[in-house]
Amino acid sequence: MTAISSPSLPARAPDRALAAGYTLVCAVLLVASTLTDPRTGAALRALLGLLAVAALLRTARRTSRIGTNPWLCLAAGVSFAVTAATVAGVARAADDTPHLWTSWMAFAGYVMLGVGFLILARVSIDTASRTAFLDGAVIGTAMVMVLWVSLAAPLHTDAMDVAHRVTLAMAPVRDGILVAILAWISLAPGRRSTSLRLLAFAIGLLLVADLASCTARNLDTDINAVLEPLRAGAWAVFGLAGLRATRDLRVESTADTAPDHPARSVLIGVALLMGPVAAVVGDLSTVDGMIMIGACSTVLALGVMARFVNLVHQNQRAHAATAISERRFRMLADSAPVGIFELGRGTRVTYANAEGTRLLGRTVMGGSVDEMLEQVDRASHEAFRDALEAVARGEPASAELQLAEPERDRWVAWQGVPVPTPGPQLPMAFASTLDITDLKRAQAALARQATHDPLTGLPNRRLLIEALIAALADLGRGHRTGTVALMFIDLDRFKLVNDVLGHDAGDALLRTAASRLRNAVRAHDMVARFGGDEFVVLLQHVADRGELHDVAQRILDAIAAPIQVGGETADVGASVGIATASGPDDDPDALVRNADAAMYRAKDHGRGRYEFFRSDGRRAEHRML
C-alpha cells in the first residue's frame, strides 16, 4: 500500500522536546480554565486553541502546496471551531444565548476537518485508502440518519424558523463527518503512526462532546461546563498531532485487515440498513425529516455505487498489474542464460523458459520422468533419476548431465529446489539447468594438458608412469595373459635436423615421428613422449619375445623412412631399447631405466637397431632419468 503522507513533508523525526513543552502548557491552560470564572476560562481555552492552530500551521509550513495541504485545512477547521466555541462561551458567561452563526461557524470547522482528512486519504492516488474513505462515508451517512431520528428529530417543532431548522440539521451532519473520519482511520490498510492515532483520538473527543451535548439538550440539562474543556482538550490533541507528524502517517504492514474482511462487510451491510430502518422508525411527517432521510438515503446509494465502481477499478488495476508482472517475469525468465523449469505433481514440467526448451527441447513440457530421461544420455540416467527422486522427497538435489545429442557433446548442470509448502495449485519444485559444455571442454583440455604432450598429442611421462603402475598391478591380480614390456626410443639424427633446418622443422619431424609410432605399434599399446626426441612404448599382454621383435622392427622401419620437413628430406632413424617386467613387484622407474640402458646399448652398437636389456653386468652405462 502507498504510504499516506503529505507529498512535500520532509522525512524528519518530530521535535519531541517541543511536543513535550506544548503538552505541558496545554495541560496547565486546560486545568486553569476549569478553576477560574467562566469568562477567564473561555479566554484560557481560546488561548489553548490558538496554540493548537499555531502548532498545525507550523506543520503546514513544511509544505508549499497550499491547495492540497491537509494541515492547513486542519488548522482552518480548528480555528473556526475555537472561534465559535469562544464566542458561545462568552455569551453563556453573560447568561446570554449564543448566536446561531456560532453553530454555523462550528459546522464550517467540521467541514474543513473533513476536507483535511480527505486530502490525507489521498483518494486520487491510493485505491485502498479510497475504498476505506468511501466505506467511512457510508458509515458516517448511516450515523447521520441514526442521530437525526434519535436526537435531532425530537427537538424539531413547527414553530422553528428556517435558520433554526437548518442549525438543528447541522448537528447530526457534523457528527456524521466525525464518524466518517474515524471509520476511514480504522479501515484504511497500514500501520498507524503516532500522529494519526492522535488525530483519531482528537476526533473521538469531539464526537463524544457533541453526542453528550445533544443528549443533554434533549434532557434539558446544561453540561457545557464539562464539555467545553473536553473540546479544548481535543483542540490541544490536534496541535500535538501536528507536532508529532512525520512524512508517513501510515506505513505498509502485513498484518492489515483485508478490504474484504467479513467484519467490514457486516459493518457496511448494517450501515445500508439504516435507510429502511430510519424510514420506518423515524418521523417522516415533517418536511425536514423527509428531506433528511431522503438525502441520506441518496448519499448511501451514491456511496455504494462509488464503492462498487472503485472496487471494479481496483480489480482492473490489480489485473493490469498482474499482467505486467507476468510479462516482466516472462521477459526476465526468457532472457536468462539459465534454463528455468517448474515441476508439478509427478515431477512433470509445467513451465520452461526459452533457454530451458533450447537445452532440453520443447517436448520436455508436460513430460514425465521417463520422457525427461530421453533427453539425457544413458550414462547420466542414474544421476538424473536420483536427483528427481530426491526433489520428489522434498530434498534439494543437483547433477551434471550429458545430453542425448549424437552430433554434439553437450553437458548441463541440473539443480532442483523443492517448494517448502506445496499446494494443489502450487508447483512441487523449481529446477534450473546451466549449459556447462564449454566448462567441460575446458576441464577436459586442462586434464589433457596435464597428461599429454602439447606438441605431439601423445601421453606424457606422468600418464605413462601411471599406466605402467596399473599394468604391473594387473599382473598381481591374476590378470596376467603375458608380460609387460617397455620400449625406449631415441631418434638418431634429430639434433642435426634441429641445427640445420631449425626448430620449426624439428617440431614437424617430432609430430610425424609420433604419428608413425602410433601406426607401428599394436592397437592397445601406449606411445608416450618422454621428452625431447625420446619416446616410450608400453606394451601389455606380450605373449613372447617374438612379438616384441615384430613391434620393434616395425618401429625401426617406420622411422627409417625419409621424412619431409620444411621442403627438405630428413633421414633420422631410431635406436630402441627393450625391457620386460619379471613380476608385479617390479619397480616402474627401474623398468624405465633398464629400457633406457638397452637403448644406449643399441646406439653403441651402430644405431638403427634395437637391443634387449640384460642384467648380466655387461649392459652399457645409462644416464640418470
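In this chain, numbering begins with 1 at the start of the sequence shown.
- Among all heavy-atom pairs drawn from Gly114 and Ile181, the shortest one is CA-CD1, 4.0 Å.
- A 4.5 Å side-chain heavy-atom check between Leu187 and Phe133 finds every atom pair outside the cut-off.
- When atom types are taken as modelled, the side chain of Thr433 and the backbone of Val412 share no donor-acceptor pair closer than 3.5 angstrom.
- Contacts of Ser103 classified as side chain to side chain contact (heavy atoms under 4.5 Å, CB included), with partners at least two apart in sequence or in another chain: Thr167.
- Residues Leu434 and Pro337 share a closest heavy-atom pair of CD1-O, 4.0 Å.
- Asn353 places a side-chain N or O within 3.5 Å of a backbone atom of Val338 that can act as its donor or acceptor partner.
- A donor-acceptor contact closer than 3.5 angstrom links the side chains of Glu342 and Thr350.
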| task | Decide side-chain contact (heavy atoms from CB on, under 4.5 Å) for Leu100 and His164; before the verdict, give the C-alpha distance in whole Å, the side-chain angles of both, and the deciding distance to 0.1 Å. | result | CA-CA 8 Å; Leu100 289 181; His164 282 84; 3.8 Å; yes
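- In this structure, CD1 in Ile177 is found 10.5 Å from CE in Met170, a value given to the nearest 0.5 Å.
- The closest side-chain heavy-atom distance from Trp104 to His99 is not below 4.5 Å.
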| request: Using the side-chain contact (heavy atoms from CB on, under 4.5 Å) rule, take Thr215 and Leu219 through it: C-alpha gap first, then chi angles, then the decisive distance, then the call. | output: CA-CA 6 Å; Thr215 303; Leu219 299 176; 4.1 Å; yes
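- Nearest heavy atom pair, residue Asn69 against residue Ala60, reads ND2-O, 2.9 Å.
- For Phe201, the side chain to side chain contact (heavy atoms under 4.5 Å, CB included) test picks out Leu205, Val237, with sequence neighbours left out.
- Contact annotation: the side chain of Leu302 approaches that of Thr298 to within less than 4.5 Å [non-hydrogen atoms, C-beta and beyond].
- Residues Ala236 and Leu48 approach most closely at CB-CD2, 3.6 Å, considering heavy atoms.
- Between Pro70 and Ile119, the shortest heavy-atom contact is CD-CG2, 3.8 Å.
- Evaluation of the salt bridge (Lys or Arg N to Asp or Glu O under 4.0 Å) test over residues 168-187, restricted to residues two or more places apart or in two chains, returns Arg174-Asp210.
- Taken to the nearest 0.5 Å, the OG1 atom of Thr194 stands 9.5 Å off from the CG atom of Leu240.
- Every side chain to side chain contact (heavy atoms under 4.5 Å, CB included) that Ala431 has, sequence neighbours left out, goes to Phe341, Leu343, Trp414.
- The distance from atom CG of Leu207 to atom CG of Leu211, rounded to the nearest 0.5 Å, is 4.5 Å.
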Donor-acceptor pairs under 3.5 angstrom involving side-chain atoms of residues 72-92: please list them, not counting sequence neighbours.
residue	atom	partner	partner atom	Å
Ser79	OG	Ala75	O	2.7
Thr83	OG1	Ser79	O	2.8
Thr86	OG1	Val82	O	2.7

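- Counting only distance, with no hydrogens or angles, the side chain of Ser186 and the backbone of Leu182 share a donor-acceptor pair below 3.5 Å.
- A distance of 11.0 Å separates CG of Leu51 from CG of Leu56, quoted to the nearest 0.5 Å.
- What you find for Ala429 and Pro418 is that their closest heavy atoms are CB-CA, 3.6 Å.
- For the pair Ser213/Arg231, a side-chain contact is recorded, criterion being any heavy-atom separation below 4.5 Å from C-beta on.
- The CD1 atom of Ile324 lies 6.5 Å from the CZ atom of Arg328; values are rounded to the nearest 0.5 Å.
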Atom pairs and distances, side-chain donor-acceptor, residues 25-32, under 3.5 Å, sequence neighbours left out:
none

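- When atom types are taken as modelled, the side chain of Tyr110 and the backbone of Met105 share no donor-acceptor pair closer than 3.5 angstrom.
- You'll find the side chain of Arg244 reaches within 4.5 Å of the side chain of Leu198, heavy atoms only.
- Between the Thr23 side chain and the Ala19 main chain, a donor and an acceptor come within less than 3.5 Å of each other.
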| message | Please determine whether side-chain contact (heavy atoms from CB on, under 4.5 Å) holds for the pair Leu18 and Arg58, giving the CA-CA distance in whole Å, both sets of side-chain angles, and the decisive distance to 0.1 Å. | response | CA-CA 12 Å; Leu18 179 61; Arg58 178 181 181 273; 3.6 Å; yes
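- Considering only heavy atoms from C-beta on, Ile203 comes within 4.5 Å of Phe238 through its side chain.
- How far CE of Met331 is from CD of Glu326: 13.0 Å, rounded to the nearest 0.5 Å.
- Within the 4.5 Å cutoff, side-chain heavy atoms of Leu147 are placed close to those of Met143.
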